[in-house]
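Following: one structure in structure tokens, then a few remarks.
Computed from heavy atoms alone, side chains included, the values below leave out hydrogens, waters and symmetry copies.
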Amino acid sequence: MARRALAAVVLAAGKGERMRSSKPKVLHEIAGRTMVAHVLDTLAGLAPERVVCVAGPGMEQVAEAALPAEAVEQPEPLGTAHAVLAAREALAGFEGAVLVLFADTPLIRAETMRALADAVDGGAAVALLGMRPAGANEYGRVVLDRAGRPEAIAEWRDAGPEERALPVCNAGVMAVDGRRLFALLDRVGNDNARGEYYLTDIVALARADGLETALVEVREEEALGVNSRAELARAEAVMQRRLRERAFDAGVTMPMPETVYLSYDTRFGRDVTVGPSTVFLPGVTVEDNVDIRAFCHLEGAAVRSGARVGPYARLRPGADVGPGAGVGNFVEVKNAVLEAGAKANHLAYIGDAHVGADANIGAGTITCNYDGFRKHRTEIGAGAFIGSNTALVAPVSVGAGAVVGAGSTVSRNVEADALVVERARQTERKGWAARLRMRRNRQSSGE
Ligand code: UD1
Ligand code: CA
């Protein structure tokens, strides 16, 4: 079989009213990325010649999420067949296999998309994706002929009891011969329970023309369609399971994997340990031999080889924890580099800062980076020692090897190897406390 060129139409318009959301359904996220982006990214693996994303009016964000794919507008959400028709001009003259994908069906793998396109390249006019869900559901039902080929699809709302009892359900995704697609779509009507133009009708239309149809089956979890928040959570669970498998394969130990939340792009080296209840938002890279202890929250951060993070640490965007560095409990790091071996072990805020190699940041240290108008930077030299409960009022620098006494508020630059102490001199009155106690005792016995 000779593979022909491949194009794809991603349907991302439509109401999605069961989400009860002011935002388009396909912009809801799983594993830190919109559903439409998941579909487009999987699709990119097949290197299609043309990709068209169908969005509704005012869905600029959908068009933006679809970039670099071309976005076209479906002026009114009149059904899935009507949506594909919006791509007619963009696909003019295209004669290969056209994948029709739903942006609300984000878990389909590239192999499955490929299998559908191969069925069309092998001679089918329409190849559709089927599944056999275990429980009750309202998917369309696939009517098969004796040879196991699709004859028609009955939408749930239109199906009679016999059709509803059919075991194979329509996952929605199809591949259609580009030479037939628009002629078939032109014949789809809207005389049905929802008054919509159903893409699913092209199966019966193709059969009526004596054309070949094919069925590709996958497990239900891969074909899960998201129409509600509950289904969104189910899709998320499937995606999290996949991402955890990928982490294990990369060499990560997770003693309680089901409590760890990963993003689509979380990257791990080998011999990494991730403790329970840790959250990875997008943009996190973790190198080899890193120990991330329980209850950490990371986003847009890099953790270099041999570093230790947590328990209870928060790395915000731009945090870069250097090789062998340590970020301990209740430490927040944002837009700050900690060079090799630097340590902030307890209760600190390090924002808009650069911390030199082997510097030590004491408990309770705060970089005061914000003056109410702008952010300012703090520079801490290599080997510097910042005593506990220090406020570093940025912009400010502490030179290499300098020592800042505990409790200081540092607002002027400190030279390398200097000692800075900024606090009131300690006073002591001998016996003062004992005298106070005596006085108080006399007063209360006299009452
Ligand atoms: C669809 C299928 C159904 C299948 C199910 C699988 C049809 C008619 N029905 O039903 O057989 O079992 O998917 O999940 O195809 N969309 C548009 N424009 C529209 C309508 C929808 O772009 O006018 C998009 C939606 O954004 C969505 C996709 O098409 O991504 C599917 O539409 P949806 O309304 O969710 O179809 P289902 O009722 O789930
Ligand atoms: Ca759907």
Side-chain angles (χ1 to χ4, degrees), residues 1-11 39 42-43 45-52 54 79-81 83-85 87-88 91 94-133 139-155 166-188 197-220 222-225:
M1 179 198 72
R3 276 188 179 157
R4 292 183 292 157
L6 182 69
V9 182
V10 178
L11 302 191
V39 172
T42 308
L43 188 55
L46 304 184
E49 207 167 84
R50 299 189 209 177
V51 179
V52 187
V54 180
T80 44
V84 181
L85 280 168
R88 187 198 291 266
L91 292 182
F94 186 81
E95 299 200 330
V98 179
L99 279 168
V100 178
L101 303 169
F102 290 178
D104 77 349
T105 307
L107 301 167
I108 308 269
R109 291 167 314 143
E111 299 91 284
T112 303
M113 295 181 187
R114 190 64 255 175
L116 286 164
D118 283 351
V120 167
D121 288 345
V126 181
L128 56 100
L129 191 63
M131 56 179 164
R132 295 169 193 263
Y139 290 117
R141 296 307 199 250
V142 183
V143 183
L144 299 173
D145 64 15
R146 288 223 188 94
R149 301 226 169 106
E151 255 175 3
I153 298 174
E155 282 303 292
L166 290 172
V168 178
C169 292
N170 174 34
V173 173
M174 293 186 185
V176 187
D177 187 332
R179 293 168 297 195
R180 310 265 184 201
L181 176 63
F182 291 101
L184 288 168
L185 290 172
D186 280 335
R187 286 153 61 196
V188 171
Y197 296 87
Y198 292 158
L199 173 65
T200 45
D201 284 355
I202 69 169
V203 175
L205 290 168
R207 286 295 293 246
D209 288 354
L211 298 171
E212 204 180 300
T213 58
L215 178 73
V216 171
E217 276 197 56
V218 286
R219 288 173 55 199
E220 177 189 10
E222 182 180 344
L224 209 123

Rounded to the nearest 0.5 Å, what's the gap from CZ on R88 to CG on D186? Could you check?
-> 4.0 Å
Using side-chain contact (heavy atoms from CB on, under 4.5 Å) as the criterion, list what pairs up with E151, not counting sequence neighbours.
-> V143, D145, R207
Steps toward side chain to side chain contact (heavy atoms under 4.5 Å, CB included) verdict (C169, R132) | CA-CA 6 Å; C169 292; R132 295 169 193 263; over 6 Å; no
For D201, check side-chain contact (heavy atoms from CB on, under 4.5 Å) against everything at least two apart and list the hits.
-> V188, Y198
Rounded to the nearest 0.5 Å, what separation is found between the CG atom of L129 and the OG1 atom of T105?
-> 9.0 Å
Do any N or O atoms from the side chain of T213 and from the backbone of V203 form a donor-acceptor pair under 3.5 angstrom?
-> no
Side chains of L91 and F182: closer than 4.5 Å at any heavy-atom pair?
-> yes
If you measure from CE on M113 to CG on D118, what distance do you get to the nearest 0.5 Å?
-> 13.5 Å
Counting N and O atoms only, with roles assigned by atom type, does the side chain of R180 sit under 3.5 Å from a partner on the main chain of G178, one being a donor and the other an acceptor?
-> no
If we only count heavy atoms from C-beta on, is the F102 to T80 side-chain gap below 4.5 Å?
-> yes
What's the verdict on side chain to side chain contact (heavy atoms under 4.5 Å, CB included) for V84 and L11, showing C-alpha distance, side-chain angles and the deciding distance?
-> CA-CA 7 Å; V84 181; L11 302 191; 4.0 Å; yes
In a check of side chain to side chain contact (heavy atoms under 4.5 Å, CB included) between L99 and each of L43, V120, V51, which one passes?
-> L43
Spacing of R219 atom CZ and R109 atom CZ [to the nearest 0.5 Å] = 9.0 Å
Under 4.5 Å between any side-chain heavy atoms of V142 and L166, yes or no?
-> no
Begin with the C-alpha distance, continue with both residues' side-chain angles, and end with the deciding distance and a verdict on side chain to side chain contact (heavy atoms under 4.5 Å, CB included) for V52 and V10.
-> CA-CA 6 Å; V52 187; V10 178; over 6 Å; no
Enter the distance from T42:OG1 to L107:CG here, rounded to the nearest 0.5 Å.
-> 9.0 Å
For residues G122 and M1, report the shortest heavy-atom separation together with the two atoms involved.
-> N-SD, 3.6 Å
Can you list the steps and then say if L184 with V126 is a side chain to side chain contact (heavy atoms under 4.5 Å, CB included)?
-> CA-CA 10 Å; L184 288 168; V126 181; 4.2 Å; yes
Atom CZ of R187: over 12 foreign heavy atoms under 6.0 Å | yes
Take D121 and R4, measure what salt bridge (Lys or Arg N to Asp or Glu O under 4.0 Å) needs, and give me the verdict at the end.
-> CA-CA 6 Å; D121 288 345; R4 292 183 292 157; 3.4 Å; yes
Just wondering, are more than 12 heavy atoms of other shown residues or ligands nearer than 6.0 Å to CZ in R50?
-> yes
Quick one: CG on N170 to CE on M131, what's the gap to the nearest 0.5 Å?
-> 7.0 Å
Pairwise side-chain contact, L128 with V216, heavy-atom cut-off 4.5 Å (strictly under) = no
